[in-house]
*Asks:* 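Dropping the structure in here first, questions after.
Atoms considered below: every heavy atom in the structure, side chains included; atoms not considered: hydrogens, waters and symmetry mates.
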Amino acid sequence: MGEIILPRRMFLWCMAVIYLAAFVSLYVQIPGLYGNEGLLPARWQLRYSGKPLLDQLLSSPTLLWLGPRLGLDTHTAMELLCLVGAALSLAATLVEGLRDSIVFFCLWALYISMYQVGQVFLYFQWDNLLLETGFLCILVAPLTLIRGSRGVREHDRVTFWLIRWLLFRLMFASGVVKLTSRCPTWWGLTALTYHYETQCIPTPLAWFAHQLPVWWQKLSVVGTFVIEIAVPFLFFSPLRRLRLGAFYLQVLLQVLIILSGNYNFFNLLTLTLCLSLLDDQHVYFWLHKADKTSDQKNNSKLWPRLCYLLELSVWALMIHGTIILFDLQPNATKDGISSRTAFTYHHFNQFLKTVTIPSVWIGVLSLTWEMVRSMFRCACVSGFLKRFWGTVQWTLLAAASASMFAVSLVPFTYIEYDSHARLWPGVRQAYESVDRYQLVNSYGLFRRMTGVGGRPEVVIEGSHDGVEWTEIEFMYKPGNLSASPPVVTPHQPRLDWQMWFAALGPHTQAPWFTSLMYKLLQGKRDVIELIQTDVSQYPFHQQPPAYLRAHRYRYWFTEPKADGSYPQRWWRRVYDEEFYPIVHLGSTFLESMLTQYGLKDKSPPRRLSNTAVAQVVRWVRSQVRGVPAPTLIWTLIACSATFCLFRGLRSRNKGTEKNSLAPDADAIVSDRTKNVSDNCEKSDEQQAEEEEEEEHNGVNSEDEVEENKSEEKDAVSDEEEEEVEEDEMEKEDIPEKEEF
């Protein structure tokens, strides 16, 4: 694999952008979710028992323990931490020098502080993935603030390899769990015929994707299995074109998911992980620049041909295996391709037992190779002190990388019981000791396809008199049949997501739903803004409803009309059952549910802090209140990207102007040498003419001729020395080319 300078810089920039989106998305929802009058107040998770700060941090690693020491309540402290995280990530996006290990450690510490008190609204796999990737950023990023240099380090390849290993674990596990769950839709290759309309928050393009023919949907499931199960093994291929092919297949899958569904920053984060498959040569290819670091002096034709042959064999084998395992055949009657699963669960389980441990050894060999290469690079550094310091850094970070790899084997082998049982007990103990910090996690997305009999959706209704009922429409989740599906990526409306999970079972499985009904009856503005950012769109914004109830419906996408025209509505629905009975403030059922789940706040109301920090936090909140979260996030991202783009173009233009004012040094030397050569040739011609003339006239003797020759050669030699001195002076004046 070639140099990874540019992919590493791209990765760190993307991580700063994703942190920015995550912190801003969470910040706008804190009052309604975790505020003093929110659904699940964060202060309930922190019990201030008077223990020392260190003991509190060990019991629950969150910086919110510092709130009372700053004179802040938990709600204000959460907002402050989110604002600091957003400001740090924005600064890292704009300034490359701040994409530093220390800055990324601060971002990770701030986000895990939110995670520790986030409860059910922060327990998503992408939150775990962000924490794990964020911790790896601490190892990948340079120590710019301490060393003062962003130069290449010899051990960068080792730490950056951990990103590739995380991508492998994520994709391979996501493909495996679809089959180990024994979900009939995945085994029958019909999952995507339900997925587009049953996912949490579809996009408008999901409606069109849902209308595709069944044979295409089944073929898409086959492609998903290939990309998630077979292709990830190419991540560790020594042939770069195989890795690049794997990269583009992963990008294709993630882009299609982004276009058809709103999965916040998850797919953007996965695309960022895919950057670990690239090298400088391919990035230069994107930029239409020549890679000066690549070796172009290899004139052997045998090795490239062997590589091409091997690459074609790998792709041919993968295509052949796909055709056999899924019985792909042309279907003339349906003008498509028929497919079915041609293997059983027992066959797949045997395959999993066969490949799990070898995949671990593939990781061991790949990491060892990167360590050895980095070690030799350290040994080749000139200067004893630099070599010694580089060796110390390599030793520490190689040990950290090996430890992270070993600990990650515990959640990775969850996919296969026998392989998990064969792990060394010391590795499992190490995993248990760091589990609270979310350093490594298990993954498995879309394990089972829900909503096969129709998408379940909870609809809340309110009334002032108990006779006429009005539906309470959410901003993002389906409700209004005529409302277009939204596009909210990378924002995650966490209440809307939990409403989707709540609809899959009884309300007793979602205790927070009782708190939602209670807060809406009280008319709490912070909670109402989770439903409608523009409170005037909330049907009961003038007076809270006296009664509330909730029903479960079944939703489906509408179908195109017979003439091919599009229907006026996006959805159709049928009534299913009552989800939550009619309640009002003081009702026996509501009070019993609040008491049962411990949702009644018995502590006295707390006074607002009047410290300067608290006042600044409240002022910022007043400025962003009422602004839709996607608009706020995309505004910050667009401004940051535009600033970085203009700065890059400006630097490039400056470099072009300097290079145009100062010609290339090699060209100068070439021109000067040519002039000297021409002068020499001219002198020889003149000398010959003079000799002929002298011989003809008999004026000069042979001694005089030799003397003239000597004088002319000395003149030419002096002229050459002057030209070389001028060349050296001009070389010193030429500015160095700016680094990309």
Side-chain angles (χ1 to χ4, degrees), residues 167 170-234 245-263 266-268 270-271 274 315 318-343 348 443-455 485 487 489 556-560:
L167 177 65
L170 172 67
M171 300 310 301
F172 185 70
S174 297
V176 165
V177 297
K178 293 177 174 61
L179 295 175
T180 56
S181 66
R182 300 192 180 188
C183 177
T185 61
W186 287 115
W187 279 92
L189 306 181
T190 59
L192 290 184
T193 60
Y194 307 102
H195 165 73
Y196 296 112
E197 68 179 2
T198 60
Q199 60 183 321
C200 180
I201 305 177
T203 66
L205 287 179
W207 186 91
F208 296 94
H210 182 72
Q211 314 304 327
L212 294 173
V214 175
W215 71 266
W216 179 263
Q217 306 282 24
K218 297 178 71 174
L219 191 62
S220 299
V221 174
V222 173
T224 301
F225 284 139
V226 173
I227 293 175
E228 292 186 343
I229 298 178
V231 172
F233 287 97
L234 300 181
F247 167 79
Y248 282 109
L249 287 175
Q250 299 301 324
V251 169
L252 174 64
L253 177 62
Q254 299 306 317
V255 169
L256 291 177
I257 295 176
I258 291 173
L259 293 176
S260 61
N262 291 285
Y263 291 95
F266 169 65
N267 302 109
L268 299 177
T270 306
L271 287 173
C274 291
W315 293 118
M318 193 171 296
I319 294 173
H320 177 72
T322 302
I323 294 174
I324 298 300
L325 293 175
F326 295 98
D327 194 19
L328 301 181
Q329 297 179 0
N331 191 338
T333 59
K334 296 184 179 180
D335 296 329
I337 298 176
S338 64
S339 57
R340 67 177 183 88
T341 306
F343 55 91
F348 183 74
Y443 303 99
L445 301 171
F446 305 109
R447 186 185 302 268
R448 299 187 66 88
M449 193 55 57
T450 59
V452 175
R455 173 197 182 95
V487 177
T489 301
W556 294 269
F557 272 140
T558 54
E559 303 292 336

*Asks:* Is there a side-chain contact between Val452 and Thr198, using heavy atoms and a 4.5 Å cut-off?
*Replies:*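 In short, these two side chains do not touch, never coming nearer than 4.5 Å.
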*Asks:* Going through the distances and angles, do Asn267 and Thr489 end up as a side-chain contact (heavy atoms from CB on, under 4.5 Å)?
*Replies:* CA-CA 9 Å; Asn267 302 109; Thr489 301; over 6 Å; no
*Asks:* With side chains defined as the heavy atoms from C-beta onward, is the minimum distance between Thr180 and Phe348 less than 4.5 Å?
*Replies:*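 Of all side-chain heavy-atom pairs linking Phe348 with Thr180, at least one is under 4.5 Å.
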*Asks:* Search all heavy atoms of Ala191 against all heavy atoms of Val221 and return the closest pair with its distance.
*Replies:*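 That closest heavy-atom pairing would be N-CG2, 4.2 Å.
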*Asks:* Taking atom NE2 of His210 and atom OG of Ser260, what is their separation to the nearest 0.5 Å?
*Replies:*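 OG of Ser260 is found 13.0 Å from NE2 of His210.
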*Asks:* In Å and rounded to the nearest 0.5 Å, what is the CG to CD distance from Leu271 to Gln254?
*Replies:*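 Answer rounded to 0.5 Å: 5.5 Å.
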*Asks:* Check for me whether the distance between the ring centres of Phe172 and Phe233 falls short of 6.0 Å.
*Replies:*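 Yes.
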*Asks:* How about CH2 on Trp216, more than 12 heavy atoms from neighbouring residues, nucleotides or ligands closer than 6.0 Å, or not?
*Replies:*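 No, not enclosed.
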*Asks:* Looking at every heavy atom in both Gly453 and Trp556, which two are closest together, and how far apart are they?
*Replies:*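 So the two residues come closest at O-CZ2, 3.2 Å.
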*Asks:* Testing Val231, Leu189, Thr322, Leu325 one by one against Phe225 for a side chain to side chain contact (heavy atoms under 4.5 Å, CB included), which residue passes?
*Replies:*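 The side chain to side chain contact (heavy atoms under 4.5 Å, CB included) with Phe225 is passed solely by Leu189 among Val231, Leu189, Thr322, Leu325.
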*Asks:* Can you list the residues that meet the side-chain contact (heavy atoms from CB on, under 4.5 Å) rule with Leu259, with sequence neighbours excluded?
*Replies:*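 For Leu259 the side-chain contact (heavy atoms from CB on, under 4.5 Å) partners, ignoring immediate neighbours, are Leu205, Val255.
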*Asks:* Determine which pairs satisfy salt bridge (Lys or Arg N to Asp or Glu O under 4.0 Å) with at least one residue from residues 183-210, sequence neighbours left out, and list them in order.
*Replies:*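 Qualifying pairs: none.
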*Asks:* Can any side-chain N or O of Gln250 pair as donor or acceptor with the backbone N or O of Phe247 at less than 3.5 Å?
*Replies:*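 Not confirmed, Gln250 side chain does not pair with Phe247 backbone.
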*Asks:* Are the side chain of Trp186 and the backbone of Phe446 linked by a donor-acceptor contact shorter than 3.5 Å?
*Replies:*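 Judged by distance alone, yes, a pair lies under 3.5 Å.
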*Asks:* Could you walk me through whether Leu179 and Ile229 pass side-chain contact (heavy atoms from CB on, under 4.5 Å), step by step?
*Replies:* CA-CA 11 Å; Leu179 295 175; Ile229 298 178; 4.1 Å; yes
*Asks:* Considering non-hydrogen atoms only, spot the tightest contact between Lys218 and Gly188 and give its length.
*Replies:*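 Looking at all heavy atoms of both residues, the shortest contact is CE-O, 3.7 Å.
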*Asks:* Are the side chain of Arg448 and the backbone of Ser181 linked by a donor-acceptor contact shorter than 3.5 Å?
*Replies:*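 Pair found, side chain donor or acceptor close to backbone of Ser181.
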*Asks:* Please assess Thr193 against Thr185 for the test side-chain contact (heavy atoms from CB on, under 4.5 Å), listing each intermediate value before the final yes or no.
*Replies:* CA-CA 9 Å; Thr193 60; Thr185 61; over 6 Å; no
*Asks:* How many angstroms lie between atom CG of Leu249 and atom CG of Leu234, to the nearest 0.5 angstrom?
*Replies:*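 One finds 8.5 Å between CG of Leu249 and CG of Leu234.
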*Asks:* With rounding to the nearest 0.5 angstrom, report the OG to CD1 distance, Ser174 to Ile227.
*Replies:*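 One gets 12.5 Å once the value is rounded to the nearest 0.5 Å.
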*Asks:* Keeping the roles fixed (side chain from Trp207, backbone from Thr558), state whether a donor-acceptor pair exists under 3.5 Å.
*Replies:*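 Checked: pair present.
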*Asks:* Which residues pass the ring-ring contact (aromatic ring centres under 6.0 Å, His included) test with Tyr194, not counting sequence neighbours?
*Replies:*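 None.
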*Asks:* What class does the angle between the rings of His195 and Tyr263 fall in, given that below 30° is parallel, 30 to 60° is tilted and above 60° is perpendicular?
*Replies:*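 If you compare the ring of His195 with that of Tyr263, the planes turn out parallel.
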*Asks:* Just so I know, are the side chains of Leu219 and Leu328 near enough to count as touching, which here means a heavy-atom distance under 4.5 Å?
*Replies:*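 Yes, side chains in contact.
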*Asks:* Taking atom OG1 of Thr203 and atom CZ of Phe208, what is their separation to the nearest 0.5 Å?
*Replies:*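 CZ of Phe208 is found 10.0 Å from OG1 of Thr203.
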*Asks:* Does Thr341 reach the main-chain N or O of Trp187 with its side chain, forming a donor-acceptor pair under 3.5 Å?
*Replies:*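 The answer is yes, because a donor-acceptor pair under 3.5 Å joins these two groups.
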*Asks:* Is it the case that the side chain of Asn262 and the backbone of Ile201 share a donor-acceptor pair, with hydrogens and angles ignored and the cut-off at 3.5 Å?
*Replies:*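 Present.
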*Asks:* Would Val177 and Tyr443 count as a side-chain contact (heavy atoms from CB on, under 4.5 Å) if you check the C-alpha gap in whole Å, the side-chain angles of each, and the deciding distance to 0.1 Å?
*Replies:* CA-CA 9 Å; Val177 297; Tyr443 303 99; over 6 Å; no
*Asks:* Whether the Gln329 and Asn331 side chains hold a donor-acceptor pair (N or O, under 3.5 Å, no angle test) is what I'd like checked.
*Replies:*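 Looking only at side-chain atoms, Asn331 and Gln329 do not form any donor-acceptor pair under 3.5 Å.
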*Asks:* Grab the two heavy atoms, one from Thr270 and one from Met171, that are nearest each other, plus how far apart they are.
*Replies:*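 Nearest pair, atom of Thr270 first, then Met171: CG2-SD, 4.1 Å.
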*Asks:* In the structure I gave you, are the side-chain heavy atoms of Pro485 and Gln199 within less than 4.5 Å of one another anywhere?
*Replies:*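 No, every pair of side-chain atoms sits at 4.5 Å or beyond.
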*Asks:* Lys178 side chain to Leu445 main-chain N or O, any donor-acceptor pair under 3.5 Å?
*Replies:*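 Indeed, once roles are kept as given, a pair shorter than 3.5 Å links the two residues.
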